Amino acid sequence: MMQNPLPLFIAIPLASAFLNSLLGKRIKGFSDVLSSIATLALAAISIYSVFLIKDVGSIVYKVGGWMPPIGIAMVMDSLTVFMLVTINVVAFLISVYSINYMEKYTEKGIFYSLFLLMIAGMNGVIISGDMFNLYVFLEIAAISSYALVAFGTEQEELEASFKYAVMGSLASSFILLGIVFLYSYTSTLNMADMAMTLLTNGPSRIVLLASVLFLMGFGLKSALVPFHAWLPDAHPSAPAPISAMLSGVLIKSLGVYAMVRIFFSVLGATPEILSILMVIGSLSIVIGACLALGQWDFKRLLAYSSINQIGYVILGISLGTPLGILGGLFHLLNHSVFKSLLFLNSGAVEYSTGTRDLQKMGGLREKMPVTALTSLVGSMSIAGVPPFNGFWSKLIIIVACVQSGHFVHASWAVLASIITLAYFLKVQKHAFFGELKEGLSNVKEAPFFMKFSMIVLAIICLAGGLLMLPAVSGDFLKAARDVVLAGQDYITVVFGAIK
Amino acid sequence: MSLYFLCLVLFSVGLYCILRKRNLIKIIIGIAITEYAVNLFFVLVGYKMHGRAPIHAEDQAILNMVDPLPQALVLTAIVIGLAITALIASIAIRVYEKYGTFDITKIRKLKG
Amino acid sequence: MDNPKHGMTLIVKTITRLTVGLILLFGIYIVSHGHVSPGGGFAGGVIIALSFIHILLAFGKEVALKRISYNVASFFESLGAIMFITLALLGIGSGYFLLNFISKGEPFRLFSSGLIPLYNVAISFKVGAGLFIIFVILVTFRLTKKDDRE
């Protein structure tokens, strides 16, 4: 079992989700403990997998003992491990944070059930080696996130959730249509087998049509700029831990990871697709940054900033050079850390003061020192100030842009980075520094578990730069980059690992 | 080929319904129509002229089967569609409870 | 059960009383023969849910929810899911997740194909209870709303 931990990534969250809905109402505190233990176990297994995959290279799990490509396969290579660590570590910290934060809501058991279902869906998307299973898990994660956005059942939440659900199900229809076209062309659903058939059959217009459909579908899921309209409504409306989850990892696992996996490993990244992605990425960077600058709602500002930062990830990956992909993946990891941290900060501020409007805050530094300090760390690292992790990944992306001769994209990325610094300085100035506004004098610091999660995430922000050391990054970051770079060698990796 | 084209028409009808209609319930119907168009297309992809149902039975040798995989997958897709429709419908009912209308032009608490 | 205030007319109620048991039985038949003939856990579960929905439509929600309350249905839904995952995890003990590890028996017999009938039962719990809950929630929500406005 410990040589093959793959099914546990789906089985643990699913089983604990249903145990929660079965027993959560009957035993007090049960759902808190269960979901924290489940996510801790997932995080531990995912970190263990880093060391496991170092020796083996890749693992293919035959579900039910059936041989791929006939049976369903789960595939674990360095890129999957990289994503699994990102998701499960962040999910554990957010689960701990929810113990205190979700006290003000009723029906905590249902919250944890949906939360764990969402984790199961995301883990499933990451480890699936099969096109249709990817779609099914994507829908599990998406449907539970629609329900979680509407969790407060107030006017804004319901409206945002409806918008999100309509856009999301449209995106799913596009993705399914793309899968249908690929199936009709290749007669297989196993990703590696599909890639092999595409390689032998040569280029075709059907593949081009499917790529466009995937671009639309996953573009909607990851909120790249022409498809971004739902994100600034949906992400702020959810409870803060869920905002952190949605912005931190959901758009990356359902959008960016699935896009990278399909375009690089299955379809083979053509220069046309890469240049389209590059333009979309740059547009997201600039437009997201400009829109974020004008916001006064703390969480809405963070949501626009997510569009901005996801643009960096896509820009880095779409350069197609080793350095660019490394930067993109590193920024993906960093963004999931500091964006979750900032959303948790906004949740802590909302928990204590009851407002999200930056104009009504001020001087919270004296009353909430831990939140103020951690949010300073988060803001500085998202803006790319040197010792923090965000600086290194942005630096790599910009250097990679210059190296491959895309000076325009590089200058946009630099410009947007300065705008990012500007709007996070605005957050710091209005929320945490300056005079204490009246009515905020009896504000208390957030409770223990909320502080714990924020401090751990801030430490990861500080230590994240260490991942650039060759000794550390060799097995983790660089190995993930090599998987993306290898492209359709995915076929030999998968079929080589089947025994 | 004309059948595939009709699926495209159905898909476009659903898209039109989602994009142009102002009533929440009509938008939900539009989502359902797009999903069914994709499902129908998927079943047609696996169809074979004069094919038989791919069910293994005693004392029978089936020669000309249709492709069973799309049918199994479409069943899954239909179930997912049911979940989405049920969820969106319950959200729409809640929206009606809060706003007192199904008109999306009047449901504008969120800016942008 | 025969409260004239709730539900539909006497004709509908009488016919329902005669047929609802048969519908339930047919659902159970479909579930239990899922591995040898078309059908299975999902289709059978839908039919089982429909038999309860049938009562709900004919006699009103009070009678139907007395037969199977929301909490009981919710319990069965979670139970089905947990049963499925437990069966799947048992397979890991013999090698693979979801492995059908007990004897497959002779084809086309009722007691054959290993764990698949058990998976079908788990799915039928999940689907039957789930569909019933979806229906009850959508219907009762509309009813409480009408009460509010009056």
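Because the structure is a prediction, the values reported are computed rather than measured. Hydrogens, waters and symmetry mates are skipped; everything else that's a heavy atom, side chains included, is used. Here is how names work: the chains are called A, B, and so on, in the same order as the sequence lines, proteins then strands, and each is numbered from 1.
Only the side chain of A/L189 comes within contact range of chain B, judged by heavy atoms closer than 4.5 Å. With a 4.5 angstrom heavy-atom cutoff, B/I31 touches chain A only via side-chain atoms. With a 4.5 angstrom heavy-atom cutoff, A/A160 touches chain B via backbone and side-chain atoms both.
When the shell of 6.0 Å around NZ of A/K360 is examined, it contains 12 or fewer heavy atoms from other residues, nucleotides or ligands.
Contacts from residues 8-23 of chain B to chain A, taken as heavy-atom pairs separated by less than 4.5 Å, involve B/F11, B/L15, B/I18 in sequence order.
Among B/I27, B/L24, B/I104, the residue making the largest number of heavy-atom pairs under 4.5 Å with chain A is B/L24. When the candidates A/A147, A/S169, A/A165 are compared by the number of heavy-atom contacts under 4.5 Å with chain B, A/S169 comes out ahead. Annotation: maximal heavy-atom pairing with chain A below 4.5 Å, among B/P70, B/S90, B/G81, occurs at B/P70.
For A/A292, the side-chain contact (heavy atoms from CB on, under 4.5 Å) test picks out A/Y304, A/Y423, with sequence neighbours left out.
Distance check, rounded to the nearest 0.5 Å: CD1 of B/I84 to OH of A/Y146 gives 5.0 Å. Residue B/L87 holds its CG atom at 9.5 Å from OG of A/S144, rounded to the nearest 0.5 Å. Taking CG of B/L73 as the reference point, atom CE of A/M131 lies at 12.5 Å (rounded to 0.5 Å). Rounded to the nearest 0.5 angstrom, B/R94 CZ and A/Q155 CD are separated by 12.5 Å.
A heavy-atom distance below 4.5 Å is not found between the side chains of A/L176 and B/E35. Considering only heavy atoms from C-beta on, B/T34 stays 4.5 Å or farther from A/F174 through its side chain. Annotation: side chain of A/F132 is not in contact with side chain of B/L69 (no heavy-atom distance under 4.5 Å). Under the 4.5 Å side-chain criterion, counting only non-hydrogen atoms from C-beta, A/L158 is not in contact with B/I107.
For the pair B/V38 and A/S173, the tightest heavy-atom approach, listed with the atom from each and the gap, is CG2-O, 4.1 Å. A pairwise comparison of heavy atoms in A/T153 and B/K98 identifies O-CE, 3.1 Å as the closest pair.
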Checklist entry - Step by step, would you call B/V45 with A/Y185 a side chain to side chain contact (heavy atoms under 4.5 Å, CB included)? => result CA-CA 10 Å; B/V45 162; A/Y185 186 63; over 6 Å; no

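Ring pair B/F42/A/Y183 is perpendicular by interplanar angle, where above 60° counts as perpendicular and below 30° as parallel.
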